[in-house]
There are 2 protein chains.
Amino acid sequence: MAREREPGSLDLLILHLLGERDMYGYEMVTELARRSEDVFKMKEGTLYPLLHRLEKEGALSAREERAEGRTRRYYHLTRRGRELLRERTEDWERYAGAVNAVLCAPPA
Amino acid sequence: MAREREPGSLDLLILHLLGERDMYGYEMVTELARRSEDVFKMKEGTLYPLLHRLEKEGALSAREERAEGRTRRYYHLTRRGRELLRERTEDWERYAGAVNAVLCAPPA
DNA sequence: TACTATACATCGTTTTTCAAGGTATGTCAA
DNA sequence: TTGACATACCTTGAAAAACGATGTATAGTA
């Protein structure tokens, strides 16, 4: 139905983080948990395929970097990614608004 | 991750409607569209299996009724359904709150 | 040395939802 | 009366999202 919302509720979260600054996968997981007070405990089996898909779609670019003895894959939001972020944000607002409209609407 | 939200976001809408009064399937589709101003255009391929599942889970009971020359299948929220509605409502609030926390949180 | 945290990844399964199609009745206009 | 449209129910097969499980490897710490 509102096919614009569901298959991207997690995309929105990731895109939003990357809209603030470049991050690597593991960092996103911990940052989402921190901000949501552990409501979002994104699994790696969810995150990495998601990042790869967004990269393939041209929304993200990636670079490898060695830091603190570890190799990290930093993701960066492309111009296209910023557009997608805007869309996903609007989708979310539309969806959340519609749910609340249903929950609060006066019965017909 | 937030496995409590997704696989029941539509359940919440349906349970909520039935929390107000008994309704039949087709009516739910139109009522959701009305309240959400067409954000929710639930497909019958989505709705009916959903209703059947909730009935099998004991959240709904059903009765057939003839009205206006048509046979309608009215659904009613059971006690168990009311519990489920409460849970789903809390899940939604928790989820929506977490999304907004991520979107508004100050960067680490 | 062993455990934990960090950091990446893949694979198979489950679940939700959709698109498409099917059946049947009532209403209304051409 | 014929056709179109709304109402009202249903099923099936396919796609996609997310998860759980699992694997690899390194760094730090007890």
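Note on naming: letters A, B, ... go to the chains in the order of the sequence lines (proteins, then strands), and numbering restarts at 1 for each one.
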Note to self: Considering only residues two or more places apart or on different chains, which pairs with a residue in residues 52-74 of chain B satisfy ring pair (Phe, Tyr, Trp, His ring centres under 6.0 Å)?
What the structure shows: B:Y24-B:Y74

Item checked: Set of residues satisfying side-chain contact (heavy atoms from CB on, under 4.5 Å) with respect to B:R86, sequence neighbours excluded -> B:E83, B:E90

Notebook entry, point to check: D:dT7 P sits how many Å from B:M28 CE, rounded?
Noted result: 16 Å

Notebook entry, point to check: Atom CE of B:M42 and atom P of D:dA8: how far apart are they, to the nearest Å?
Noted result: 17 Å

Check: Roughly how many Å is it from CD in B:E65 to C1' in D:dT7, rounded to a whole number?
Finding: 16 Å

Checklist line | Residues which pass side-chain contact (heavy atoms from CB on, under 4.5 Å) with A:T30, listed by chain and number, not counting sequence neighbours | finding: A:Y26

Check: Which residues pass the side chain to side chain donor-acceptor pair (under 3.5 Å) test with B:R63, sequence neighbours left out?
Finding: B:D22, B:E65

Margin query: Tell me the interatomic distance from A:K41, atom NZ, to D:dA18, atom P, rounded to whole angstroms.
Written below: 17 Å

Note to self: Whether A:K43 contacts D:dA18 is assessed here as follows: a side-chain N or O lying under 4.0 Å from the phosphate OP1 or OP2. Is that the case?
What the structure shows: no

Notebook entry, point to check: How about B:M23 and B:L18: do any of their side-chain heavy atoms sit closer than 4.5 Å?
Noted result: yes

Item checked: Whole-Å gap separating P (D:dC9) and CG (B:L50) -> 14 Å

Margin query: Tell me every residue that passes side chain to side chain donor-acceptor pair (under 3.5 Å) with A:T71, counting only those two or more places apart in sequence or in another chain.
Written below: A:R66

Margin query: Taking the basic N atoms (NZ, or NE/NH1/NH2) and the acidic carboxylate oxygens, is any pair closer than 4.0 Å for A:R34 and A:E27?
Written below: no

Notebook entry, point to check: What is the distance, rounded to the nearest whole Å, between atom CG of A:L12 and atom P of D:dA17?
Noted result: 15 Å

Please write out the pairs of protein N or O atoms and N or O atoms of nucleotides 1-5 of chain D separated by less than 3.5 Å, giving the distance to one decimal.
none

Next item on the list: Do nucleotides 6-13 of chain C as a string where each nucleotide becomes B, S or -: B if the base has a protein heavy atom under 4.0 Å, S if just the sugar-phosphate does, - if no protein is that close.
Entry: BBBBB---

Note to self: For B:E87, give me all partners under side chain to side chain donor-acceptor pair (under 3.5 Å), at least two apart in sequence or on another chain.
What the structure shows: none

Notebook entry, point to check: Once you round it to whole Å, what is the distance between C1' of D:dA17 and CG of A:D91?
Noted result: 16 Å

Check: Taking only N and O in the side chain of B:R66, is any of them less than 4.0 Å away from OP1 or OP2 of C:dG26?
Finding: yes

Checklist line | Residues that A:R73 engages under salt bridge (charged side-chain N to carboxylate O under 4.0 Å, His left out), provided they are two or more places apart | finding: A:E55, A:E64

Notebook entry, point to check: How many Å lie between NZ on B:K56 and C1' on C:dT15, as a whole number?
Noted result: 13 Å

